[in-house]
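See below for the structure under consideration.
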Amino acid sequence: MTSNTKIILGMLAAAAAGAAIGILLAPEKGSELRRKIRTGIDEVMEDVAELLALGKEEMKNMYAAAEEEVQHGFEN
């Protein structure tokens with residue numbers, strides 16, 4: 001895992017924790033609180049899905065590069 005990925009994951013975790021604390025400390029009706037929590041979870045899941053897609057692309061690129069290195073190694 002690259003340092004950029006670690007930073008992004010840390011930022012997502014901190015944002016999710018901050019949002020959860022803020023929502024739980026706010027004086028609101030239960031139905032409104034549940035709606036906000038659901039919306040927050042949906043947003044976090046979208047962010048995680050985007051991050052996983054980026055990770056998948058990075059893994060494909062790393063695999064292709066490794067495969068190319070192996071091919072060049074056998075040719076020499």
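Just so it is clear, the model here is predicted, and its values are computed rather than measured.
- The hydrophobic cluster around Met62 extends to Met59, counting ILVMFWY residues whose side-chain heavy atoms fall within less than 4.5 Å of a member.
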Report, one line per pair, each donor and acceptor closer than 3.5 Å where one atom sits in a side chain of residues 36-54; sequence neighbours left out.
| unit_1 | atom_1 | unit_2 | atom_2 | d |
| --- | --- | --- | --- | --- |
| Lys36 | NZ | Glu28 | OE2 | 2.8 |
| Thr39 | OG1 | Arg35 | O | 2.9 |

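- Considering only residues two or more places apart in sequence or on other chains, Lys56 meets the side chain to side chain contact (heavy atoms under 4.5 Å, CB included) condition with Lys60.
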